[in-house]
Student: 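Encoded as structure tokens, here's the structure I'll be asking about.
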Amino acid sequence: MNFDEGPRKRGSRTAAAAAEGAGGGGGGGVAVAPPPGCRAENCKADLTDSKSYHKRHKVCEYHAKAEVVVVEGLKQRFCQQCSRFHDLSEFDEAKRSCRRRLAGHNERRRKHFTESRGEGSGRRGSNPGTKKDQCRQVDERGRTPIVLPENHQKLHIH
């Protein structure tokens with residue numbers, strides 16, 4: 001072992017050395033990858049200086065938020081929850097998350113909400129009639145009951 005060279009690190013080759021290859025002219029060189037680009041058709045965005053999120057998912061900021069993007073010849077939309085493109089039919093209106101992931105997200109929120117509203121939740125002294133609490137109360141069908149102060153009738157908001 002030669003101690004004059006010092007410790008060798010993996011991947012410590014310079015970019016110039018990588019571009020030239022491993023030496024010899026046998027074509028065994030390392031190919032230089034093109035700059036990362038957006039997957040949307042006809043998008044020329046260079047993601048080199050973009051956020052790591054956009055590089056990782058190969059989508060520019062514009063197309064990540066666009067309502068319609070053509071990818072591989074299909075009209076699609078980028079889902080914020082899944083971090084991938086889906087067919088437009090999988091989204092409600094202009095939402096940026098697909099129906100399946102939104103349903104799971106809402107279910108987790110409801111589950112957390114009902115667990116935190118159980119007895120012993122430490123919410124003593126709070127006025128149950130405040131606007132803040134009315135927004136949080138949901139019946140078994142997911143409706144929000146509202147009590148009107150004049151005649152104390154219960155209405156359900158869908």
Side-chain angles (χ1 to χ4, degrees), residues 9-21 27-123 126-149 153-158:
K9 295 180 183 174
R10 218 180 241 183
S12 62
R13 295 176 61 189
T14 64
E20 289 177 22
V30 176
V32 178
C38 180
R39 293 177 50 206
E41 286 186 12
N42 301 320
C43 181
K44 306 291 186 221
D46 180 359
L47 303 178
T48 303
D49 297 326
S50 297
K51 295 176 182 176
S52 60
Y53 176 87
H54 294 107
K55 287 181 198 176
R56 184 168 54 251
H57 300 295
K58 297 178 184 160
V59 62
C60 67
E61 187 172 0
Y62 175 79
H63 286 112
K65 297 177 180 178
E67 285 192 30
V68 180
V69 180
V70 178
V71 179
E72 299 175 1
L74 302 171
K75 290 183 178 181
Q76 301 184 345
R77 183 177 300 160
F78 189 75
C79 175
Q80 288 181 332
Q81 297 288 321
C82 300
S83 298
R84 59 182 51 158
F85 286 98
H86 294 300
D87 190 65
L88 293 178
S89 64
E90 296 185 40
F91 295 88
D92 285 332
E93 301 169 10
K95 298 218 183 309
R96 292 190 192 156
S97 296
C98 66
R99 238 179 263 110
R100 186 175 62 85
R101 284 294 183 107
L102 271 179
H105 171 75
N106 290 336
E107 186 63 35
R108 285 188 300 277
R109 284 181 53 217
R110 278 190 217 106
K111 183 178 179 182
H112 176 72
F113 167 75
T114 56
E115 289 172 355
S116 67
R117 296 288 292 185
E119 290 193 37
S121 65
R123 293 184 49 92
S126 67
N127 182 358
T130 64
K131 190 173 185 179
K132 179 180 173 185
D133 287 334
Q134 287 177 353
C135 292
R136 292 184 178 173
Q137 294 174 355
V138 180
D139 68 6
E140 66 280 350
R141 294 177 61 194
R143 300 180 305 175
T144 305
I146 296 177
V147 178
L148 300 176
Q153 277 188 314
K154 248 190 188 179
L155 297 177
H156 291 278
I157 308 273
H158 296 275

Student: Using every non-hydrogen atom in the two residues, find where C79 and S97 come nearest and quote the distance to one decimal.
Tutor: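 So the minimum-distance heavy-atom pair works out to SG-CA, 3.8 Å.
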
Student: Nearest heavy-atom pair of S83 and Y53: which atoms, and what distance?
Tutor: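 Scanning both residues, the minimum pair turns out to be OG-OH, 3.3 Å.
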
Student: If you round to the nearest 0.5 Å, how far is CG of L47 from CD of E61?
Tutor: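 Reported to 0.5 Å precision, the distance equals 11.0 Å.
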
Student: How about Y62: does its OH atom have over 12 heavy atoms from other parts shown lying under 6.0 Å from it?
Tutor: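 Counting neighbours around OH of Y62, 12 or fewer heavy atoms of other residues, nucleotides or ligands fall under 6.0 Å, so no.
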
Student: Please work out whether the ring planes of F91 and H86 are parallel, tilted or perpendicular, with thresholds of 30° and 60°.
Tutor: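 Tilted, since the angle between the ring planes falls between 30° and 60°.
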
Student: How far apart are the closest heavy atoms of C38 and V59, and which atoms are they?
Tutor: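 So the two residues come closest at SG-CA, 3.9 Å.
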
Student: Any idea which heavy atoms bring S50 and D46 closest together, and the distance?
Tutor: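 Answer, listing the atom of S50 first, then D46: OG-O, 4.0 Å.
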
Student: What's the spacing between F78 CZ and H54 NE2 if we round to 0.5 Å?
Tutor: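 One gets 7.5 Å once the value is rounded to the nearest 0.5 Å.
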
Student: Using modelled atom types and a 3.5 Å cut-off, is there a donor and acceptor pairing between side-chain atoms of R96 and backbone atoms of R77?
Tutor: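 No, the answer is negative, given that no donor and acceptor are paired below the 3.5 Å cut-off.
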
Student: Could you give me the CA-CA distance, side-chain angles and deciding distance for C43 and H63, then say whether side-chain contact (heavy atoms from CB on, under 4.5 Å) is met?
Tutor: CA-CA 9 Å; C43 181; H63 286 112; 3.5 Å; yes

Student: Would you sort out whether H57 and R84 count as a side-chain contact (heavy atoms from CB on, under 4.5 Å), showing the intermediate values?
Tutor: CA-CA 7 Å; H57 300 295; R84 59 182 51 158; over 6 Å; no

Student: Might you point out which heavy atoms bring R100 and C82 nearest each other, and give the distance in Å?
Tutor: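 Where R100 meets C82 most closely, the heavy atoms are NH2-SG, 4.2 Å.
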
Student: For D92, which residues count as a side chain to side chain donor-acceptor pair (under 3.5 Å) partner, sequence neighbours excluded?
Tutor: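 By the side chain to side chain donor-acceptor pair (under 3.5 Å) rule, D92 matches R99.
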
Student: Would you mind reporting whether E90 and Q76 have side-chain heavy atoms less than 4.5 Å apart?
Tutor: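 Q76 vs E90: side chains apart.
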
Student: So, the side chain of Q81 versus the backbone of C98: is there a donor-acceptor pair under 3.5 Å, distance only?
Tutor: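 The answer is no, because no donor-acceptor pair under 3.5 Å joins these two groups.
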
Student: When you look at NZ of K55, are more than 12 heavy atoms from neighbouring residues, nucleotides or ligands closer to it than 6.0 Å?
Tutor: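 Yes.
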
